[in-house]
Amino acid sequence: MQTGTLLGLGPGVIVSVVVLAAAAAAVHRWALGGGWLPPLTASLRAVGQLAVVALLVSQLGRDPWLALGFAALMFAVATATTGRRVDPARWWWAAAPIAAGVLPASAALLATGVLPFEGLALIALVGQQVGGAMTTASLAGRRVAAELAGRRGEVEAAVALGFDWPAARLLVARHTARESLVPPLDQTRTVGTVTLPGAFVGMVLGGASPVDAAIVQLVVLVSLLAVDALAAAVALWLCTSHGWGQPRE
């Protein structure tokens with residue numbers, strides 16, 4: 001079957017997906033001591049969600065304003081997801097680190113003309129930025145909150161020495177927030193030598209030239225690095241200055 005990609009999209013897709021999902025379930029059950037269901041349900045959810053997303057994007061991608069509305073929905077889901085993981089009582093605060101990362105990076109790409117004001121481009125790039133900011137804010141928020149809880153005595157000692165509370169918390173937890181940037185930093189450092197990330201592979205499989213794919217991947221990686229750094233910084237600020245992720249006393 002002729003398709004617009006370098007992969008065959010005939011009946012073999014169904015066979016390969018079923019076989020690989022079954023293999024993942026078997027390994028999860030017998031080698032890792034888990035159950036059969038998690039890999040199978042995850043695969044089924046992926047099928048359903050990708051089908052819905054494909055239909056939505058095919059329609060929303062025609063209008064940049066509808067695409068922005070879809071991006072806003074992704075932002076809302078990301079905020080709720082991160083908020084529930086870091087501080088369910090004040091989950092809405094998660095909007096701050098995600099927005100702090102996504103808005104400046106997207107604005108810079110739009111202003112320079114790198115990101116065209118077109119539906120599909122907006123959904124593709126902004127969606128990746130929202131996902132990256134969500135992951136980083138979750139990691140930074142949870143790790144900083146855990147560090148502050150575990151080293152509360154050190155924070156109190158710093159306060160006794162004359163630090164105010166935010167500065168004392170920052171002294172203890174700043175290095176922990178930096179750890180949330182290890183995955184994007186490693187991915188950026190090793191691109192092309194250890195891994196070929198999704199944008200590059202997707203474009204090449206879709207028929208784009210390797211040079212164009214490399215340029216797009218560079219934009220994606222560097223923009224995600226900026227997004228993640230900003231998200232981590234704001235998550236750290238929320239945790240140290242406002243007690244985000246800490247139990248109410």
Side-chain angles (χ1 to χ4, degrees), residues 5-7 46 50 53 57 67 71 74-75 77-79 81-82 85-86 94-118 120-147 170 173-240:
T5 75
L6 298 181
L7 295 181
L50 285 173
V53 167
V57 171
M74 290 189 285
F75 174 83
V77 174
T79 296
T81 301
T82 294
R85 291 196 177 278
V86 178
I98 297 174
V102 172
L103 293 180
S106 298
L109 294 176
L110 284 168
T112 57
V114 174
L115 176 60
F117 192 66
E118 297 175 2
L120 289 176
L122 289 169
I123 290 174
L125 192 55
V126 175
Q128 287 194 66
Q129 292 178 346
V130 170
M134 176 188 71
T135 301
T136 299
S138 295
L139 286 173
R142 287 170 62 87
R143 291 297 303 276
V144 169
E147 189 80 356
L170 191 62
R174 175 180 281 167
H175 73 284
T176 304
R178 289 199 303 270
E179 292 180 8
S180 65
L181 294 180
V182 169
L185 282 170
D186 284 349
Q187 186 179 36
T188 305
R189 288 191 186 108
T190 62
V191 62
T193 57
V194 176
T195 61
L196 292 176
F200 182 91
V201 173
M203 288 189 66
V204 171
L205 292 178
S209 75
V211 173
D212 288 344
I215 293 172
V216 170
Q217 184 63 71
L218 176 65
V219 171
V220 171
L221 282 176
V222 176
S223 70
L224 284 175
L225 201 55
V227 167
D228 293 342
L230 289 166
V234 174
L236 174 64
W237 172 72
L238 284 174
C239 291
T240 56

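As a basis for the values below, the full set of heavy atoms in this structure was taken, side chains included, without hydrogen atoms, waters or symmetry mates.
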Which pair of heavy atoms, one from [X] and one from [Y], lies closest together, and at what distance?
| X | Y | answer |
| --- | --- | --- |
| Ala232 | Ala140 | CA-CB, 4.2 Å |
| Leu238 | Ala96 | CD1-CB, 4.1 Å |
| Pro104 | Ala99 | CD-O, 3.6 Å |
| Gln128 | Val220 | OE1-CG1, 3.5 Å |
| Ala133 | Ala231 | O-CB, 4.0 Å |
| Val144 | Ala173 | CG1-CB, 3.8 Å |

> How far apart are the C-alpha atoms of Thr188 and Leu224, what are their side-chain angles, what is the distance that settles it, and do they pass the side chain to side chain contact (heavy atoms under 4.5 Å, CB included) test?
Replying inline: CA-CA 9 Å; Thr188 305; Leu224 284 175; over 6 Å; no
> Should Ser106 and Val126 count as side-chain neighbours, where that means a heavy-atom distance under 4.5 Å?
Replying inline: yes
>> Do Glu147 and His175 have side chains that approach each other closer than 4.5 Å (heavy atoms only, starting at C-beta)?
In response: yes
Could you state the interatomic distance from [atom1] ([X]) to [atom2] ([Y]), rounded to the nearest 0.5 Å?
| X | Y | atom1 | atom2 | result |
| --- | --- | --- | --- | --- |
| Leu139 | Leu181 | CG | CG | 9.5 Å |
| Leu170 | Thr240 | CG | OG1 | 5.0 Å |
| Leu185 | Leu221 | CG | CG | 11.0 Å |
| Leu125 | Leu120 | CG | CG | 12.5 Å |
| Leu225 | Arg189 | CG | CZ | 9.0 Å |
| Met134 | Asp228 | CE | CG | 11.0 Å |

> Mind checking what makes side chain to side chain contact (heavy atoms under 4.5 Å, CB included) contact with Val219, not counting sequence neighbours?
Replying inline: Leu109, Val114
>> By the salt bridge (Lys or Arg N to Asp or Glu O under 4.0 Å) test, which pairs, at least two apart or in different chains, include something from residues 126-143?
In response: Arg143-Glu179
> Which pairs pass ring pair (Phe, Tyr, Trp, His ring centres under 6.0 Å) with one or both residues in residues 121-144, sequence neighbours excluded?
Replying inline: none
